[in-house]
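Below: the structure, in structure tokens.
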There are 2 protein chains.
Amino acid sequence: MVATIRDVAEKAEVSIATVSRVVNQNPAVSDATRQKVLDAISVLNYTPSQIARRLSLGRTQTVAVVLPSFFTRPSYVERLRGIQDVLTKSEYDLVIHTVDSPVQIEGYFTTLSHPSRVDGVLFISLPPTKEYVEQYLPTGAPAVLVDGNHEQFSRVMIDDRHGGRLVTEHLVKLGHRRIAFLSDFLNTPYYISMQLRFEGYREVLKTAGIPFRPEYHVEGAHARLEARELARQLLSLDDPPTAIFAASDTQAIGVLDAARSMGMRLPEDLSLVGFDNIRDAEYLNLTTVHQPLYESGVQGAQILLSMMKNPAKPIQVVTQELSLIIRSTTGPVPETGVSS
Amino acid sequence: MVATIRDVAEKAEVSIATVSRVVNQNPAVSDATRQKVLDAISVLNYTPSQIARRLSLGRTQTVAVVLPSFFTRPSYVERLRGIQDVLTKSEYDLVIHTVDSPVQIEGYFTTLSHPSRVDGVLFISLPPTKEYVEQYLPTGAPAVLVDGNHEQFSRVMIDDRHGGRLVTEHLVKLGHRRIAFLSDFLNTPYYISMQLRFEGYREVLKTAGIPFRPEYHVEGAHARLEARELARQLLSLDDPPTAIFAASDTQAIGVLDAARSMGMRLPEDLSLVGFDNIRDAEYLNLTTVHQPLYESGVQGAQILLSMMKNPAKPIQVVTQELSLIIRSTTGPVPETGVSS
DNA sequence: CTGAAAGCGCTAACAA
DNA sequence: TTGTTAGCGCTTTCAG
């Protein structure tokens, strides 16, 4: 029913090899024959079968991106968009796979990245398993980590610990000493980045001679609602923090709402810093750390493209710049604060 | 370098047909041989080539979803997630294509949906072009419209006009007569849905004997920031509306901010209704119309799956239920309002 | 500049 | 229950 290369060859009265040549822009075809072929193609409304082409070429012309199933989050969407934008311009198809449990990760890391399925893989915010590293990385399709950090992978990453320091230093400089840290659960396989931010936070406290107070560290699911509750909890302490460092903007927004519902004004009564600089952060005038989300996708995809073109290429590591964006949710520590 | 079916056959000392049988769970294989093959497979770490399989089967085992390039919006992401969730459980790969200009749509509708590339196509919020309908729909891969409405397509849709009525009736019932409508630009190829909501709005006004006031209809880009400006404009009129119907929750949130920044309280000073019931709407306690976004993806994908299984299947149309979710941003018209 | 033919890795009759 | 074989639609030597 659908025209094949053979139909075109027949109609143009040439061989299928010639048709293949004109389709692939091979210059070794006379203008006359080329025209005949082109005509036949348009008459028959012919499109080459990608599948056949791929089998013949021995490549799938497809790259997979694997990411946690809550790709609903703004940060994943942004990264995905970056990837999508560069892949669209290439000859590669993009297929998306989501994983939601650590056990599933295992499976995906192995079967998915098998050369029979894809020519390359992008992992977003997912740490590779040891099995994958040992068994598939050496022989399998090239892989790159976006928002991940593993010596044996090409990757684009940020210095999360540094980010944690940036935020905390800013707050300390403003005179805050009661600084809380609100984040995801730190003990999940996904969020090593959060742990690093936490470490940066603690480092700066230490340097500033501020003792770490466990009650100032709260964890919960990565969502506004949960963050709001955690913030209420924090702000209801006998000796509440004067500043909150939320490990993501999404969570910072929850804090914002909690503060607002408790009648507090920012930055007069409370200072707040987020992380990521998602759209809403700008909109809400939230002080935050900017990390290039969209660009991380773009760069990851570009690195992958280059690795697929030249498999001998050495590991490439891109560390993206972080910058503190000071907006209106941070200010000097309130005068009225009871000094601890 | 990678094991093929032939390697397995050799190692197991059987024919490739037998290997193919065990791989495809064909019961006509003795347990003994099956075991031999299975062993060989695991020793060689064999995975069948999907490409070869597809070529042989004459199917691509791939479905494409085509959507506007701003898939960054919560509503698209939700729909996409629904599609992804059902496809993950099937044997189909999902490839994503975005289009950003009407001219690109044209191209995608034709080349993309060509049978050589995909077995099925899902279009999200994209109206099919006449060319596509005439040339490709009859012979090409089955297609379904998610959030679209066209007689010749299977589709899952909502009654947007009805949604517009629901909102407006609610407002009218509360006593409002100065009701504004804030939306995307109505004259783009994408948002027919917005136009229908607008029509629903006007119908109810008419029924209620409320003349339509052009200055109460404002349009702008689909974003919080733009909506905030539009709302300010609306609220600064000499005779400002007492209620605003925002055609999407995202825009409603912009209105919320505008009102708040002008010192207005909701619903005392202003009533506000959104549309979609995205996560944030619940979080912000926004009165809105719930439309099953995630489910639209699920259903669209299921319909497509059934069409691919049985191409003779007639067109399936699912109209999803809409429901008005009354939360805290709507209330009776303020007493102090100057009656018009 | 053009054509013949082998082969990419698999599936599915058809035979045995 | 198993093997043989003919494709699927294309790319790519190798000859001419």
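Atoms considered below: every heavy atom in the structure, side chains included; atoms not considered: hydrogens, waters and symmetry mates. A, B, ... follow the sequence lines: proteins, then strands. Residue 1 opens every chain.
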Just by modelled atom types, is the [Y] backbone N or O under 3.5 Å from a matching donor or acceptor in the [X] side chain?
X        : Y        : answer
B:Thr62  : B:Thr60  : yes
A:Asp7   : A:Thr4   : yes
B:Asn310 : B:Ser306 : no
B:Asp119 : B:Arg59  : no

Atom-to-atom span, [atom1] of [X] to [atom2] of [N] - whole angstrom:
X        : N      : atom1 : atom2 : result
B:Asp119 : D:dC8  : CG    : P     : 18 Å
A:Ile16  : C:dG3  : CD1   : P     : 11 Å
B:Ile41  : C:dC10 : CD1   : P     : 10 Å
A:Glu10  : C:dA4  : CD    : P     : 13 Å
B:Glu13  : D:dT2  : CD    : P     : 13 Å
A:Arg54  : D:dT11 : CZ    : C1'   : 15 Å
B:Ile5   : D:dT4  : CD1   : P     : 14 Å
A:Arg59  : C:dG9  : CZ    : P     : 14 Å

Which atom of B:Tyr46 lies closest to which atom of B:Val23, heavy atoms considered: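 That closest heavy-atom pairing would be CE2-CG2, 4.1 Å.
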Given B:Arg79, B:Arg155, B:Gln320, the one that forms side chain to side chain contact (heavy atoms under 4.5 Å, CB included) with B:Asp147: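 Exactly one candidate clears the test, B:Arg79.
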Option passing side chain to side chain contact (heavy atoms under 4.5 Å, CB included) with A:Leu94 (candidates A:Leu87, A:Val86, A:Leu122):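 Checked A:Leu87, A:Val86, A:Leu122 against A:Leu94; only one passes side chain to side chain contact (heavy atoms under 4.5 Å, CB included): A:Leu87.
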Heavy-atom side-chain contact between B:Asn24 and B:Arg53 under 4.5 Å: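 When only atoms from C-beta onward are counted, B:Arg53 and B:Asn24 do touch, with a gap below 4.5 Å.
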Minimum side-chain heavy-atom gap A:Leu67-A:Phe123 below 4.5 Å: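 Sidechains of A:Phe123 and A:Leu67: no contact.
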Touch class at under 4.0 angstrom, heavy-atom based, for B:Leu57 against every strand present: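 It contacts sugar-phosphate atoms only.
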Touch class at under 4.0 angstrom, heavy-atom based, for B:Arg6 against every strand present: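 Touches a base.
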B:Asn26 and B:Arg34: side chain donor to acceptor below 3.5 Å: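 Looking only at side-chain atoms, B:Arg34 and B:Asn26 do not form any donor-acceptor pair under 3.5 Å.
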Pair A:Gln84-A:Thr88, side-chain donor/acceptor within less than 3.5 Å: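 Per modelled atom types, A:Gln84 and A:Thr88 side chains form a pair under 3.5 Å.
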Closest-nucleotide 5' rank along DNA chain D - winner of B:Val29 and B:Leu55: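 Final value for this comparison: B:Val29.
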Phosphate contact (D:dG3 OP1 or OP2) by B:Ser15 side-chain N/O below 4.0 Å: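 Indeed, a polar side-chain atom of B:Ser15 lies that close.
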Selection: residues 30-38 of chain A, any non-hydrogen atom under 4.0 Å of DNA chain D: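 Under 4.0 Å from DNA chain D: no residue of residues 30-38 of chain A.
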Contact list for DNA chain D against residues 17-28 of chain B - heavy-atom distance below 4.0 Å: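 Here the set is B:Ala17, B:Thr18, B:Arg21, B:Ala28.
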B:Gln35 vs B:Asp31, side-chain hydrogen bond (donor to acceptor under 3.5 Å, both in side chains): CA-CA, chis, key distance, verdict: CA-CA 6 Å; B:Gln35 198 49 56; B:Asp31 286 350; over 6 Å; no
Terminal helix-axis angle for the helix from C:dC1-D:dG16 to C:dA16-D:dT1, with five pairs defining each axis and rounding to 10 degrees: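 Answer for the end axes of this duplex: 40°.
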